[in-house]
Amino acid sequence: MSVDPVTWRPDDRATARVLPWSAGVLGTDEPLYGLPSIGTGGGTLHWGCAAYRFREADFRMRSAIAERFGEGALPEGSTLADWPIGYGDLEPYYERVEQEQGISGRAGNIGGVLQEGGNPFDPPHARDYPMPPVAQGPGDPPFVRATQRLGLHPFRQPLALNSTEYRGRPACVNCGFCHGYPCHVRAKSTTQVTSVPAAKATGNLDLRPHSRVLRIHRTADGTQVRGVTYVDGSGRAHRVEAPIVILTAYALENVRLLLVSGINGNGQVGHHFMTHNFGWFTSILPEATNPFMGTFNASSAVDDYTSELVPDNDLGVLWGSPIISVTGDLQPIEAYHNMDPRVRRWGLDLKHWMRDNYRHMHRMYSQTTNFPYPRHYCDLDPTVKDRWGQPALRITHDWEDHDANSVTLFGRYKERIAHEMGARAYWMDSPRPPYHLSTHDVGVHRMGRTLRRR
């Protein structure tokens with residue numbers, strides 16, 4: 001953040017401040033609370049490899065809510081909109097990516113036929129994932145049994161992680177350093193070890209690492225892009241002419257590049273910001289879970305409450321989420337930051353708690369989506385600059401009542417599951433957490449048709 005700052009403020013009246021996103025709100029290296037990695041491979045270097053498809057309703061969220069709850073139920077002032085494309089448009093590309101990158105899992109719906117052991121709420125797949133699920137973490141079977149007793153439908157998560165050798169890359173060795181770290185055996189389907197080598201092998205890729213684009217250039221009338229200016233690792237500036245420029249620097253840095261370059265013809269760049277609230281829930285189980293073993297998502301999830309399937313409720317929550325079991329990739333220092341807040345974090349209390357509880361920890365999280373509003377947006381900070389003297393990205397966002405109520409509602413479901421698992425103790429995050437980034441940030445430059453003014 002000292003060289004690539006991002007600032008945040010809750011509303012237009014507040015002064016934005018640089019927050020230590022990369023340290024996480026708990027003082028950990030938790031990558032979900034920061035920007036994706038800078039470098040070849042981007043966020044896939046450190047991701048937890050969850051590789052879900054959107055469901056059909058996710059592409060028509062506004063219409064689905066109106067059909068279920070009525071137009072009047074939509075939050076006042078929200079700019080929520082349906083996508084201009086549907087699941088059927090993307091399904092062939094989902095399948096192609098899954099086969100080329102390598103996904104482990106079990107599809108629940110192949111050609112309209114439900115598959116045993118898969119997710120019964122899956123959208124239709126043309127064929128199954130290319131690899132079976134990865135080895136199941138020891139903390140996951142209690143979650144599976146408990147959710148089944150509650151009448152839910154657990155399924156193994158699809159992961160961009162090799163469960164077997166695939167296309168010359170080895171299977172996962174369950175080292176416990178997956179989420180937040182590059183994979184030392186290349187089992188993670190990171191583009192650095194999948195797409196990039198394949199593209200280089202064609203002879204058509206000229207890869208220039210340690211470089212940063214500073215500006216996108218256009219024609220004099222502003223109607224077409226003509227290339228970029230970038231600086232290389234030694235700080236030398238270069239201009240590249242190109243008929244097509246593809247921005248792949250993540251949603252937020254894409255916004256900053258567009259705004260720095262003066263590209264905002266329809267006034268929509270940076271608007272409709274949406275992010276995820278995870279609602280972390282931690283339990284202490286009677287059986288050993290050994291959370292230091294295996295990948296972050298070597299576990300199951302339930303989709304019974306997801307998207308338009310959210311149950312009727314007294315909190316006015318209009319859109320649901322999966323509930324995901326997390327079993328591995330929890331190092332002791334991260335566990336310290338995630339321990340029971342009712343316990344003192346020093347002296348014998350700390351030592352005894354870690355001794356008795358660390359190897360019995362189990363986590364659950366959801367991915368509740370906040371709705372977009374005009375007051376949630378990204379723009380250029382007027383005072384904070386990066387190392388090149390360019391404006392930092394500024395995020396204006398705070399948690400709305402619907403956002404907080406969603407976390408509260410899903411906390412109830414997680415509490416019910418924890419009780420069924422026989423948890424000895426449990427605790428959960430605040431419905432209004434201090435983070436405002438999730439590496440799942442979307443909106444900010446919508447796709448769609450724009451009528452050009454004469």
Side-chain angles (χ1 to χ4, degrees), residues 7-17 19 21 25-26 32-33 57-58 60-82 251-252 270-282 303-324 341 364-379 394-417 426-444 446:
T7 67
W8 167 82
R9 61 181 180 170
D11 54 59
D12 289 341
R13 300 180 302 274
T15 300
R17 58 195 177 102
L19 290 182
W21 305 108
V25 297
L26 300 176
L32 287 174
Y33 305 142
D58 293 322
R60 50 187 310 274
M61 184 176 176
R62 192 188 191 285
S63 296
I65 291 174
E67 292 165 3
R68 168 80 184 278
F69 298 102
E71 285 281 348
L74 290 162
E76 184 177 357
S78 174
T79 58
L80 188 66
D82 293 345
L252 301 183
H271 288 273
H272 318 294
F273 175 72
M274 301 170 70
T275 189
H276 270 154
N277 191 328
F278 295 107
W280 285 101
F281 187 107
T282 306
D303 251 353
D304 298 71
Y305 308 131
T306 199
S307 305
E308 83 286 6
L309 303 178
V310 62
D312 293 335
N313 59 88
D314 60 347
L315 294 175
V317 176
L318 304 174
W319 201 250
S321 164
I323 295 177
I324 301 166
M364 288 181 275
Y365 73 104
S366 45
Q367 297 183 3
T368 53
T369 302
N370 71 295
F371 290 1
Y373 296 88
R375 56 186 175 271
H376 296 169
Y377 62 91
C378 301
D379 64 356
R394 178 173 65 178
I395 297 172
T396 302
H397 171 266
D398 210 354
W399 300 110
E400 304 286 342
D401 290 342
H402 184 271
D403 308 334
N405 288 343
S406 297
V407 177
T408 299
L409 177 65
F410 276 81
R412 294 176 184 174
Y413 302 146
K414 295 167 195 168
E415 189 173 24
R416 191 180 307 160
I417 294 171
Y426 60 82
W427 56 96
M428 65 186 86
D429 268 2
S430 165
R432 299 179 187 269
Y435 57 82
H436 298 272
L437 282 178
S438 69
T439 68
H440 297 184
D441 313 295
V442 295
V444 297
R446 287 179 166 179

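In what follows, residues are counted from 1 in the order of the sequence shown.
The side chain to side chain contact (heavy atoms under 4.5 Å, CB included) search around P431 returns A404, V407, T408, not counting sequence neighbours. Remark: P75 pairs with S78, L318, F371, Y373 by the side chain to side chain contact (heavy atoms under 4.5 Å, CB included) rule, at least two apart or across chains. Judged as a ring pair (Phe, Tyr, Trp, His ring centres under 6.0 Å), and not counting sequence neighbours, the contacts of Y426 are F281, H419. For Y413, the ring pair (Phe, Tyr, Trp, His ring centres under 6.0 Å) partners at least two apart in sequence or on another chain are Y305, F410. Residues meeting the side chain to side chain contact (heavy atoms under 4.5 Å, CB included) test with D403, sequence neighbours left out: N370, W399, E400. For the side-chain hydrogen bond (donor to acceptor under 3.5 Å, both in side chains) test, no residue two or more places apart in sequence or in another chain qualifies with N313. In this view, D304 satisfies the salt bridge (Lys or Arg N to Asp or Glu O under 4.0 Å) rule with no residue, not counting sequence neighbours. Contacts of D398 classified as salt bridge (Lys or Arg N to Asp or Glu O under 4.0 Å), with partners at least two apart in sequence or in another chain: none. Taking the salt bridge (Lys or Arg N to Asp or Glu O under 4.0 Å) definition, one finds that E71 meets it with R62, sequence neighbours left out. The ring pair (Phe, Tyr, Trp, His ring centres under 6.0 Å) check on H272 picks up nothing, with sequence neighbours excluded. Under the salt bridge (Lys or Arg N to Asp or Glu O under 4.0 Å) criterion, R446 pairs with no residue, sequence neighbours left out. Every residue two or more places apart in sequence or in another chain that forms a side chain to side chain contact (heavy atoms under 4.5 Å, CB included) with D314 is listed here: R412.
Separating the OG atom in S406 from the CH2 atom in W319 is a distance of 12.0 Å, to the nearest 0.5 Å. Rounded to the nearest 0.5 Å, atoms CD (E308) and CE (M61) are 10.5 Å apart. Atoms OG1 and CZ, from T368 and F278 in turn, are 9.0 Å apart once rounded to the nearest 0.5 Å. Rounded to the nearest 0.5 Å, atoms OG1 (T439) and CG (L252) are 10.0 Å apart. Considering NE2 of H436 and CG of D441, their distance stands at 11.5 Å, rounded to 0.5 Å. Taken to the nearest 0.5 Å, the CD atom of Q367 stands 11.5 Å off from the CD1 atom of I323.
Using a 4.5 Å cut-off on side-chain heavy atoms (C-beta onward), W8 and R17 make contact. In this structure, P374 and T79 have side chains that are in contact, with non-hydrogen atoms separated by less than 4.5 Å. The closest side-chain heavy-atom distance from D312 to R68 is below 4.5 Å. Side chains of T282 and Y365 form no contact here, defined as non-hydrogen atoms less than 4.5 Å apart.
Closest of all the heavy-atom pairs between D303 and L309 is O-CD1, 3.6 Å. Contact between A16 and R394 at its shortest, heavy atoms only, is CB-CD, 3.6 Å. Of all heavy-atom pairs spanning Y435 and L437, the tightest one is CD1-O, 3.6 Å.
Looking only at distances, a side-chain donor or acceptor of K414 sits under 3.5 Å from a matching main-chain atom of G279. Distance alone, capped at 3.5 Å, is enough to place a donor-acceptor pair between the S430 side chain and the R432 backbone. No donor-acceptor pair under 3.5 Å is formed between the side chain of T396 and the backbone N or O of D12. Between the side chain of S438 and the backbone N or O of H440 there is at least one donor-acceptor pair closer than 3.5 Å.
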Apply side chain to side chain contact (heavy atoms under 4.5 Å, CB included) to residues H271 and V444 and explain how you reach the verdict. CA-CA 5 Å; H271 288 273; V444 297; over 6 Å; no

Worksheet item: For V310 and L409, what are the C-alpha separation, side-chain angles and deciding distance, and is it a side chain to side chain contact (heavy atoms under 4.5 Å, CB included)?
Response: CA-CA 10 Å; V310 62; L409 177 65; 4.1 Å; yes

